[in-house]
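To start, the structure itself, in structure tokens.
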Amino acid sequence: MKLLVLIPAYNEAGAVGGVVEEVHAVLPNVPVLVVDDCSNDATVVVARKAGALVLSVPYHLGLGGCVQAGYRLAYELGYDYVIRVDGDGQHDPRFIPLVLETLQREGCEMVIGSRFVGGGGEHTSHARGLAILFFRAILRPILGKPVHDPTSGFVGVNRTALEVFSHTFPLEYPEIEALVVLQRKRFRFVEVPVEMRKRKAGRSTITPLKSIYYMLHVLLGVFVNILKFEGKRK
């Protein structure tokens, strides 16, 4: 079993070092890969100092591009599982073993760390909360099952999903579209309860105005993926 912890980061010098150190405290022998999206600050220096491997992309790709770059490298290096946590400190690394254990036990392609399974969704902004409710309703008939936290970036995937995502992955706001890609491929996902925290530094790039763009953009991506749905479940 080969596990890689993936941290996409853009201008997260104030938090990424602490995240890497927390991951190593929980999983001391597991490599941590920080994919730096052309940060303008000391993200790369801080991540390396904390003990992470760093992949610096040549152009600003956005979140989805960074995640796909990490997935592709992990697949080519032969990793069996990749668990993604954000570089802002919101995802508690203590729950990484739970995500991994669920991937192995359930044999599913993806495990989502959810703030709403067994919890109240602490540290969720009003705008994000409304978006979550909206996409829950949209995704329920598409996925054939409820998803409590469709925007969560605390995600683990196995090698089967890793192969798919290394070749095709949504570039912007990828979490929701990735679920539809899974359904299109007839893959399974499971949610597990995790705790989310306030970001340690910086601020979210999703403003109320961007939330509207976010919803429209993701809706278009969902629609396109529905058109690509493959044959009956094997």
Residue pair V44, V34: steps toward the side chain to side chain contact (heavy atoms under 4.5 Å, CB included) verdict
CA-CA 8 Å; V44 171; V34 172; over 6 Å; no

Can any side-chain N or O of [X] pair as donor or acceptor with the backbone N or O of [Y] at less than 3.5 Å?
| X | Y | value |
| --- | --- | --- |
| K2 | V82 | no |
| S114 | P193 | no |
| T168 | F165 | no |
| D92 | F95 | no |
| T102 | L98 | yes |
| H60 | C38 | no |
| D37 | L61 | yes |

What's the shortest heavy-atom distance between [X] and [Y], and which atoms?
| X | Y | result |
| --- | --- | --- |
| A69 | V57 | CB-CG1, 4.3 Å |
| V46 | A13 | CG1-O, 3.8 Å |
| H24 | G51 | CE1-O, 3.3 Å |
| P8 | V67 | CG-CG2, 4.0 Å |
| G113 | S152 | O-OG, 2.6 Å |
| V190 | C108 | CG2-SG, 3.8 Å |

Please determine if [X] and [Y] form a salt bridge, counting it only when a charged side-chain N lies under 4.0 Å from a carboxylate O.
| X | Y | answer |
| --- | --- | --- |
| R115 | D149 | yes |
| E22 | R94 | no |
| R84 | E175 | yes |

Of all pairs that satisfy salt bridge (charged side-chain N to carboxylate O under 4.0 Å, His left out), the ones with a partner from residues 47-76, not counting sequence neighbours:
R72-E76

Are [X] and [Y] close enough that some pair of their side-chain heavy atoms sits under 4.5 Å apart?
| X | Y | value |
| --- | --- | --- |
| E163 | Y71 | no |
| I112 | V192 | no |
| V157 | V155 | yes |
| F189 | K145 | yes |
| L33 | I7 | no |
| L63 | Y10 | no |
| V181 | F169 | no |
| V111 | E191 | no |

Could you go through the ring-ring contact (aromatic ring centres under 6.0 Å, His included) check for H148 and F116 one step at a time?
CA-CA 6 Å; H148 297 85; F116 297 104; 8.2 Å; no

How long is the span from the [atom1] atom in [X] to the [atom2] atom in [Y], to the nearest 0.5 Å?
| X | Y | atom1 | atom2 | result |
| --- | --- | --- | --- | --- |
| D80 | L100 | CG | CG | 10.0 Å |
| L103 | E101 | CG | CD | 9.5 Å |
| C66 | L6 | SG | CG | 9.0 Å |
| L162 | H167 | CG | NE2 | 10.0 Å |
| T151 | L179 | OG1 | CG | 10.0 Å |
| K198 | D88 | NZ | CG | 13.5 Å |

Please say yes or no: joined through hydrophobic side-chain contacts below 4.5 Å, possibly via intermediate residues, are V23 and V45 part of one cluster?
no

Check step by step if side chain to side chain contact (heavy atoms under 4.5 Å, CB included) holds for V85 and V5.
CA-CA 7 Å; V85 297; V5 175; 4.1 Å; yes

List the steps, then state whether side chain to side chain contact (heavy atoms under 4.5 Å, CB included) holds for T160 with V164.
CA-CA 7 Å; T160 304; V164 172; 5.6 Å; no

Relative to Y75, does R159 satisfy both conditions: NZ or CZ under 6.0 angstrom from the six-membered ring centre, and within 45 degrees of the ring's axis?
yes

Take L182 and K185 through the side chain to side chain contact (heavy atoms under 4.5 Å, CB included) test and state the conclusion after the steps.
CA-CA 5 Å; L182 284 180; K185 294 292 184 179; 6.0 Å; no

